[in-house]
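Contents: one structure, followed by commentary.
Computed from a predicted structure; not experimentally measured. First the proteins, then the strands, lettered A, B, ... as listed; each starts at 1.
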Amino acid sequence: MSEVASEELQDCWKKEQDELAMRVNTSYNEDIAVNRISLVGGLDISFVKGTDDACITLVVLTLPDLKVVYEDSQLIKMVALYIPGYLAFREADFFHQALQRLRVKHKEFFPQVMLVDGNGVLHFKRCGSASHLGVICDIPTIGVAKNLYQMPEEGIVRNDEHKQKVSQLNNKGDQFELKTNNQDVLGMAVLSNNQATNPVYVSVGHKCNLETAVEIVLKCSVARVPEPIRQADIRSRQFLRERFPPE
DNA sequence: GCGACAG
DNA sequence: ATCTTGTCGC
């Protein structure tokens, strides 16, 4: 793709993202009270090494036992390029389709909340991929990123102060706020596991608040990455290994 | 303009 | 995202 085409595409995505951002809802919702949640969804995508072939996987797990009760793995051809800040434009439609299939085929397994591999409102437009997906599907979502998405112009950076705070996280549940220069709390760095050294970056996606988001992530975590996302990751890789055997 | 940049 | 061994442990 040429530089010009890429810029035009990005302009188009910017407008769409602005409209989606206006619809992101972070108000508290009684229906997402943690102790009433019995089904949590997870999404991930894996690629065949040097290709555009990928597997999109949606899983649904029960709470509190974290058993997988539904899996949908689909081979897809990725056409959109990856631009940081616009992750959702690559994958949201595929995830949306997977959720539609679930709604039609096994409505009884439709999750009350989705965990998404990426950010929610921890994003320069307050509309990362988790929020994007939440809005187009009109469901509660939570963003969980393995790396900090830095926004230098807003003071969210992996600087020494940040590293210092990270080094003080010792036990599961330890956390600190990710705050902009304007004191807006956009997310939480959370230690999800006792033996982890690095936190995961949790942010509101859609239709839930940050405290609830963190609580759900902790309830779903046995490894560093919360189980719904981890299972989606494992199963999408497995799916590809079976169909594209390594030499 | 340059560099920073979830997956 | 992807290339990667063994190793420790719920």
| task | Take atom NE2 of H162(A) and atom P of dA4(B), then tell me their distance rounded to the nearest Å. | result | 17 Å
| said: Measuring from atom CZ of F244(A) to atom CG of D53(A), what distance do you get when rounded to the nearest 0.5 angstrom? | reply: 4.5 Å
| query | Just checking F89(A): base, sugar-phosphate only, or nothing, at a heavy-atom cut-off of under 4.0 Å? | reply | nothing
| First-last contacting nucleotides on DNA chain C - partner chain A, under 4.0 angstrom, heavy atom | dA1(C) to dT2(C)
| query | Looking across every strand, which nucleic acid part, if any, lies under 4.0 Å from Y82(A) by heavy atom: base, sugar-phosphate, or nothing? | reply | base
| Is any side-chain N or O of Q150(A) closer than 4.0 Å to OP1 or OP2 of dA4(B)? | no
| message | With heavy-atom distances below 4.5 Å as the criterion, would you say the side chains of I156(A) and Y149(A) are in contact? | response | no
| message | Does the structure show Y201(A) stacking with dA6(B), if we require the centres to be closer than 5.5 Å and the planes to be within less than 30 degrees of parallel? | response | no
| field | Rounded distance in Å - CG (L81(A)) to P (dG7(B)) | value | 17 Å
| Are L58(A) and Q74(A) close enough that some pair of their side-chain heavy atoms sits under 4.5 Å apart? | no
| task | Assign N119(A) to base, sugar-phosphate, or nothing according to its heavy-atom contacts below 4.0 angstrom with the strands shown. | result | base
| query | With a non-hydrogen cut-off below 4.0 angstrom, is L122(A) in contact with a base, only sugar-phosphate, or nothing? | reply | nothing
| message | Nearest heavy atom decides the nucleotide; on that basis, is L240(A) or Q195(A) closer to the 5' end of DNA chain C? | response | L240(A)
| note | Per-residue pairing states of DNA chain C in dot-bracket (Watson-Crick or G-U under 3.5 Å; . unpaired, | other strand) read ..........
| query | So, do L191(A) and N170(A) sit near enough that their side-chain heavy atoms are less than 4.5 Å apart? | reply | no
| query | In residues 206-224 of chain A, which residues come under 4.0 Å of DNA chain B by heavy atom? | reply | none
| said: Please evaluate residues S27(A) and N25(A) with respect to the criterion side-chain hydrogen bond (donor to acceptor under 3.5 Å, both in side chains), reporting the C-alpha separation (whole Å), side-chain torsions for both, the decisive distance (0.1 Å), and the verdict. | reply: CA-CA 6 Å; S27(A) 67; N25(A) 169 2; 2.8 Å; yes
| request: Could you state the atom-to-atom distance from CG of L148(A) to C1' of dG7(B) in whole Å? | output: 14 Å
| message | In whole Å, I'd like the distance from the CG atom of D233(A) to the P atom of dG7(B). | response | 11 Å
| said: Just so I know, are the side chains of L218(A) and E215(A) near enough to count as touching, which here means a heavy-atom distance under 4.5 Å? | reply: no
| note | Between CG of N159(A) and C1' of dG3(B) the distance, given in whole Å, is 16 Å
| task | Using a 4.5 Å cut-off on heavy atoms from C-beta on, say whether the side chain of C208(A) contacts that of I142(A). | result | yes
| said: Can you measure K125(A) atom NZ to dA6(B) atom C1' for me and round it to whole angstrom units? | reply: 17 Å
| message | Check the orientation of F109(A) and Y70(A). Use parallel for under 30°, tilted for 30 to 60°, and perpendicular for over 60°. | response | tilted
| task | In plain terms, say whether R235(A) and D44(A) are close enough for a salt bridge, that is, a side-chain N and a carboxylate O under 4.0 Å apart. | result | no
| query | Rounding to a whole Å, what distance do you find between F124(A):CZ and dC5(B):C1'? | reply | 9 Å
| query | Which part of the nucleic acid, if any, lies within contact of S129(A), taking any heavy atom under 4.0 Å across all strands shown: a base, the sugar-phosphate backbone alone, or nothing? | reply | base
| request: Using a strict cut-off of less than 4.0 Å between a Lys/Arg side-chain nitrogen and an Asp/Glu carboxylate oxygen, indicate whether R237(A) and D233(A) qualify as a salt bridge. | output: yes
| field | Candidates Y82(A), W13(A), F94(A) - the one meeting ring-ring contact (aromatic ring centres under 6.0 Å, His included) with F89(A) | value | W13(A)
| said: Do the side chains of K179(A) and E161(A) get close enough for a salt bridge, i.e. N-O under 4.0 angstrom? | reply: no
| Does a side-chain N or O from N147(A) land closer than 4.0 Å to OP1 or OP2 of dG7(B), or not? | yes
